Amino acid sequence: MLKVPLFNSFPSFHSSISRSYTSSLYLPLATSFPMSDDDSVYSYSKNSQMQREILDDSKEMVRDAIIEKLDIKIMLSSSNTLHIADLGCSVGPNTFIAMQHVVRVLKDKYRDNILEFQIFFNDHVTNDFNALFRSLPIDRSYYAFGAPGSFHGRLFPSRSIHFAHSSYAIHWLSKCPEEFLDENSPAWNKGMIHYIGSSNVEVLNAYVSQFEKDMEMLLNARAEEIVEGGMMVLISPFTNNSLTEFFGSSLMDLVNEVSN
């Protein structure tokens, strides 16, 4: 059984914006744009405080989920290595904070000195993994690997991942809804890159439709990759509790579909 806790830990002013679409209306649909990894004022590391706050706010919830629901005795037989994946890692440092917290909780829970951790850092192929690995914590207690590719598709062999984690990433769409590129479409959004304040219900429906397709692909891929008894934690921003409940219910419906 695949366990998928959904945590809402911080409000956000926008949702479900495609990386491709934020840059230009006329770019190829599947184009991706990695976060800036330099040391300038525009770099991800200097402009990801909200993401850091979300991680900090969700730490206790992640800990409780691991303590209450994750049982490595079911998952591990001949191996003492836990395989962990962080989906949408960017270039740090938030991914390191998240992964170190997961490792620490697992160590505190099992107090097993022979338990080892293999962590796969995932993001688009255009992500600067060199910058990511250059900033790896020196005192880390895990083995680090890169896993380039979209988390909307398969990334790992079947039944190979014990714990999957994603924070502040699943609201990114895999591509721009095609309707937005057609000026004759009812969903033409007049050059805007968001649906907030839009009076056109077709715009919202186009975003929702693409998001549903993306989530189904993500869940189907993880259902193949995560071992029986494994866990996936998704942390995402929402604007209100009613939206959180609605999304959580919809997500569990999708989980049940791919589990059956």
Side-chain angles (χ1 to χ4, degrees), residues 1-7 30 32 62 65-90 95 98-99 101-103 105-107 109-110 112 114-127 129 132-133 140-175 210-236 248 250-260:
M1 179 179 179
L2 175 62
K3 308 179 184 73
V4 186
L6 173 70
F7 302 138
S32 63
V62 173
I66 292 174
I67 296 297
E68 295 173 10
K69 300 183 181 299
L70 192 65
D71 188 354
I72 64 172
K73 295 178 181 178
I74 298 176
M75 299 183 292
L76 298 181
S77 55
S78 59
S79 173
N80 292 313
T81 303
L82 270 174
H83 298 155
I84 301 171
D86 189 31
L87 309 174
C89 65
S90 189
T95 185
M99 293 299 94
H101 175 65
V102 170
V103 169
V105 171
L106 286 167
K107 283 186 172 183
K109 179 178 180 178
Y110 292 102
D112 189 341
I114 65 172
L115 196 62
E116 295 185 303
F117 302 91
Q118 190 174 23
I119 294 184
F120 298 91
F121 293 94
N122 158 257
D123 213 306
H124 284 289
V125 294
T126 51
N127 188 60
F129 287 95
L132 175 73
F133 291 129
R140 65 188 181 277
S141 54
Y142 53 82
Y143 297 96
F145 296 81
S150 170
F151 57 53
H152 293 109
R154 288 290 302 272
L155 294 166
F156 308 104
S158 298
R159 306 292 179 262
S160 63
I161 299 297
H162 301 101
F163 185 91
H165 174 277
S166 184
S167 178
Y168 213 95
I170 62 171
H171 59 288
W172 292 110
L173 299 182
S174 65
K175 65 178 183 179
Q210 185 61 53
F211 184 72
E212 288 176 345
K213 295 175 184 176
D214 287 348
M215 286 305 301
E216 184 173 4
M217 289 190 296
L218 184 151
L219 291 172
N220 278 324
R222 302 296 86 75
E224 293 291 331
E225 297 167 349
I226 296 179
V227 303
E228 182 178 356
M231 177 180 289
M232 177 167 65
V233 169
L234 302 177
I235 304 170
S236 185
S250 300
L251 181 59
M252 291 313 300
D253 286 343
L254 282 170
V255 170
N256 291 331
E257 283 185 19
V258 300
S259 298
N260 294 332

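Values reported hereafter were calculated over all heavy atoms of this structure, with side chains retained and with hydrogens, waters and symmetry mates removed. Note that the coordinates shown come from a computational prediction; the quantities given were computed from them, not determined experimentally.
- Between the side chain of Asp214 and the main chain of Leu173, no donor-acceptor pair closer than 3.5 Å is present.
- In this structure, Ser167 has no side chain to side chain donor-acceptor pair (under 3.5 Å) partners at least two apart in sequence or on a different chain.
- Annotation for Lys109 and Ile67: closest pair NZ-O, 3.2 Å, computed over non-hydrogen atoms.
- One distance of note links OG of Ser174 with CE of Met215; it measures 11.5 Å at 0.5 Å rounding.
- Side-chain contact between Leu106 and Leu70 is present, with at least one heavy-atom pair separated by less than 4.5 Å.
- Of all non-hydrogen atoms in Ser90 and Leu132, the two that sit nearest each other are O-CD1, 3.7 Å.
- In this structure, His83 contributes its side chain and Gln118 its backbone to no donor-acceptor pair below 3.5 Å.
- Within the 4.5 Å cutoff, the side chain of Val102 has no heavy atoms near those of the Asp86 side chain.
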Derivation of the side-chain contact (heavy atoms from CB on, under 4.5 Å) call for Leu234 and Ser166 | CA-CA 5 Å; Leu234 302 177; Ser166 184; 3.9 Å; yes
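- Rounding to the nearest 0.5 angstrom, the gap separating the CD1 atom in Ile161 from the CD1 atom in Ile84 is 9.0 Å.
- Under the 4.5 Å side-chain criterion, counting only non-hydrogen atoms from C-beta, Gln210 is in contact with Lys175.
- Listed by chain and number, the residues in a side chain to side chain contact (heavy atoms under 4.5 Å, CB included) with Tyr143 are Glu116, Phe145 (sequence neighbours excluded).
- If you take OG1 on Thr95 and CG on Asp123, they are separated by 9.0 Å, rounding to the nearest 0.5 Å.
- In this structure, the side chains of Arg140 and Ile119 stay at 4.5 Å or more apart for every pair of heavy atoms.
- Checked against ring-ring contact (aromatic ring centres under 6.0 Å, His included), His165 has no partners two or more places apart in sequence or in another chain.
- Sorted pairs that involve residues 144-153 and meet salt bridge (Lys or Arg N to Asp or Glu O under 4.0 Å), not counting sequence neighbours, are lacking altogether.
- In terms of heavy atoms, Ser160 sits closest to Val227 at N-CG1, 4.0 Å.
- In this structure, Met232 and Leu219 approach most closely via the heavy-atom pair CE-CD2, 3.5 Å.
- Minimum interatomic distance between Thr81 and His162 (heavy atoms only, all atoms of both residues): O-CE1, 3.5 Å.
- Applying the side chain to side chain contact (heavy atoms under 4.5 Å, CB included) criterion to Phe133, with sequence neighbours excluded, gives Phe121, Phe129, Leu136, Ala144.
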Could you please spell out the steps behind the side-chain contact (heavy atoms from CB on, under 4.5 Å) verdict for Val105 and Val62?
-> CA-CA 9 Å; Val105 171; Val62 173; 6.0 Å; no
Start with the C-alpha gap between Met99 and Phe117, add the side-chain angles, then the distance that decides, and say whether side-chain contact (heavy atoms from CB on, under 4.5 Å) holds.
-> CA-CA 10 Å; Met99 293 299 94; Phe117 302 91; over 6 Å; no
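- We find the OG-CG distance between Ser141 and Leu115 to be 10.0 Å, quoted to the nearest 0.5 Å.
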Would you tabulate the side-chain donor-acceptor contacts of residues 148-158 under 3.5 Å, counting partners in other chains and residues two or more places apart, or write 'none'?
from	atom 1	to	atom 2	distance (Å)
Ser150	OG	His152	N	3.1
Ser150	OG	His152	ND1	3.3
Arg154	NE	Phe156	O	3.4
Arg154	NE	Glu225	OE2	3.3
Arg154	NH2	Phe156	O	2.8
Arg154	NH2	Ser158	OG	3.4

